[in-house]
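Heavy-atom basis, side chains included; hydrogens, waters and symmetry copies ignored. The chain is numbered in sequence order, starting from 1.
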Amino acid sequence: MGFTIGGSRSTKEFRSGTRRRGRTSECTAVAEYTGLWGWDVVPGARAAGPQRDCSCGRADCPAPGAHPLPLAPTVAAGATLDEVTGTWGEYPGAAVLLPAGRVFDVIEVSQEAGRRALVRLERMGLPLGPVTATPDGRAQFFVAPGAADGLPQLLYRMGWDDADLDLRALGHGAYVTAPPSDHAGLGPVGWLRPPALDCAGSPPQARLLLGTLAYICHRLRR
């Protein structure tokens, strides 16, 4: 393994001037998620090196750099910058992960489909929540909780249940890597549509977006 997260040596490094300045910026980002957008945040593992070794220390890690750190606490929605700093300082270098299934679920499609759908949905004037772009070419649309459980029924009602769609939903038990953190050693996650006060805490129902997302995914498959 080339690096670790959360060890005593890393904590000492965090207290140095250079480390502290970097950590302040990261803690500010986490505090924005908890305090401004009302999302829980969890410290996550990271991957590095040619082999994308995971900082959790497991040689056989099934999701290098894309899962919560073992025993890491949740930084609850509403946490202040001081509270975030007190917790995050114990996990230097951790990725910022957002747990799905609480304030939001996620509908994930290819980034090409996501960009096309986003343009169409905005032109239609439909309500939209945040949308991330991942370094492995995925677009993640934040929607109201319950979408993951209800996706099969929604697709059935819309007539897309038997289509071969590059589309899935992430709900309870799943985690989303939040910008600007690195995802799985592949690069940083960014925003296609950043959060805003009118949608971060109450993203749209999946049914409002699903028809457009499914249609564009189907067209791209053809």
Side-chain angles (χ1 to χ4, degrees), residues 1-49 52-57 61 63-104 106 129-135 140 142 170 173-203:
M1 292 297 296
F3 66 108
T4 59
I5 289 179
S8 59
R9 182 179 179 181
S10 294
T11 302
K12 290 178 181 177
E13 291 173 352
F14 160 68
R15 293 187 181 121
S16 70
T18 302
R19 192 73 174 181
R20 183 166 56 251
R21 284 193 294 272
R23 182 56 50 187
T24 298
S25 176
E26 187 172 281
C27 287
T28 300
V30 174
E32 179 178 314
Y33 290 137
T34 60
L36 189 57
W37 310 129
W39 298 334
D40 293 345
V41 180
V42 178
R46 298 188 74 163
R52 292 172 56 203
D53 294 326
C54 187
S55 62
C56 70
C61 178
H67 65 83
L69 284 168
L71 304 180
T74 297
V75 183
T80 65
L81 179 57
D82 286 344
E83 292 169 337
V84 168
T85 301
T87 299
W88 217 261
E90 300 298 320
Y91 301 91
V96 178
L97 300 185
L98 307 176
R102 301 179 186 181
V103 178
F104 61 84
V106 165
V131 185
T132 64
T134 70
Q140 299 175 323
F142 288 35
L170 307 175
Y175 294 84
V176 175
T177 304
S181 287
D182 176 275
H183 175 72
L186 300 173
V189 177
W191 293 112
L192 288 180
R193 190 175 193 275
L197 290 175
D198 63 345
C199 67
S202 55

A.B. asks: Indicate the atoms forming the closest heavy-atom contact of Cys56 with Ala45, along with that distance.
C.D. replies: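 So the minimum-distance heavy-atom pair works out to N-CB, 4.4 Å.
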A.B. asks: What's the shortest heavy-atom distance between Cys199 and Pro130, and which atoms?
C.D. replies: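 Between these two residues, the closest heavy atoms are SG-CD, 4.1 Å.
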A.B. asks: Run the salt bridge (Lys or Arg N to Asp or Glu O under 4.0 Å) test against Arg102 and tell me which residues pass, sequence neighbours left out.
C.D. replies: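 Scan of Arg102 (salt bridge (Lys or Arg N to Asp or Glu O under 4.0 Å), adjacent residues dropped) gives Asp40.
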A.B. asks: What's the shortest heavy-atom distance between Pro203 and Ala200, and which atoms?
C.D. replies: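 Residues Pro203 and Ala200, closest heavy atoms: CD-O, 4.0 Å.
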A.B. asks: Mind checking side-chain contact (heavy atoms from CB on, under 4.5 Å) for Pro135 and listing every partner two or more places apart, or none if nothing turns up?
C.D. replies: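 Once residues adjacent in sequence are excluded, the partners of Pro135 under the side-chain contact (heavy atoms from CB on, under 4.5 Å) criterion are His183, Leu186, Val189.
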A.B. asks: Grab the two heavy atoms, one from Phe104 and one from Val176, that are nearest each other, plus how far apart they are.
C.D. replies: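 Of all heavy-atom pairs spanning Phe104 and Val176, the closest is CE1-CG2, 4.4 Å.
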A.B. asks: For residues 66-83, tabulate all N or O donor-acceptor pairs below 3.5 Å that involve a side-chain atom, not counting sequence neighbours.
C.D. replies:
unit_1, atom_1, unit_2, atom_2, d
Thr80, OG1, Glu83, N, 3.2
Thr80, OG1, Glu83, OE1, 3.4
Glu83, OE1, Thr80, N, 2.8

A.B. asks: For a quick test of your reading: what N or O donor-acceptor pairs under 3.5 Å do the side chains of residues 93-100 make, sequence neighbours left out?
C.D. replies:
none

A.B. asks: Test Phe142 against Trp39 for ring pair (Phe, Tyr, Trp, His ring centres under 6.0 Å), laying out the working first.
C.D. replies: CA-CA 12 Å; Phe142 288 35; Trp39 298 334; 5.5 Å; yes
A.B. asks: Got a sec, which residues hit side-chain hydrogen bond (donor to acceptor under 3.5 Å, both in side chains) with Thr134, two or more places apart in sequence or on another chain?
C.D. replies: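 If we apply the side-chain hydrogen bond (donor to acceptor under 3.5 Å, both in side chains) test to Thr134, skipping adjacent residues, the hits are Asp136.
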A.B. asks: In chain order, what residues pass the salt bridge (Lys or Arg N to Asp or Glu O under 4.0 Å) check against Asp182, with sequence neighbours excluded?
C.D. replies: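 So Asp182 forms no salt bridge (Lys or Arg N to Asp or Glu O under 4.0 Å) with any residue.
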A.B. asks: Are Val103 and Trp37 close enough that some pair of their side-chain heavy atoms sits under 4.5 Å apart?
C.D. replies: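 When only atoms from C-beta onward are counted, Trp37 and Val103 do not touch, as no gap falls below 4.5 Å.
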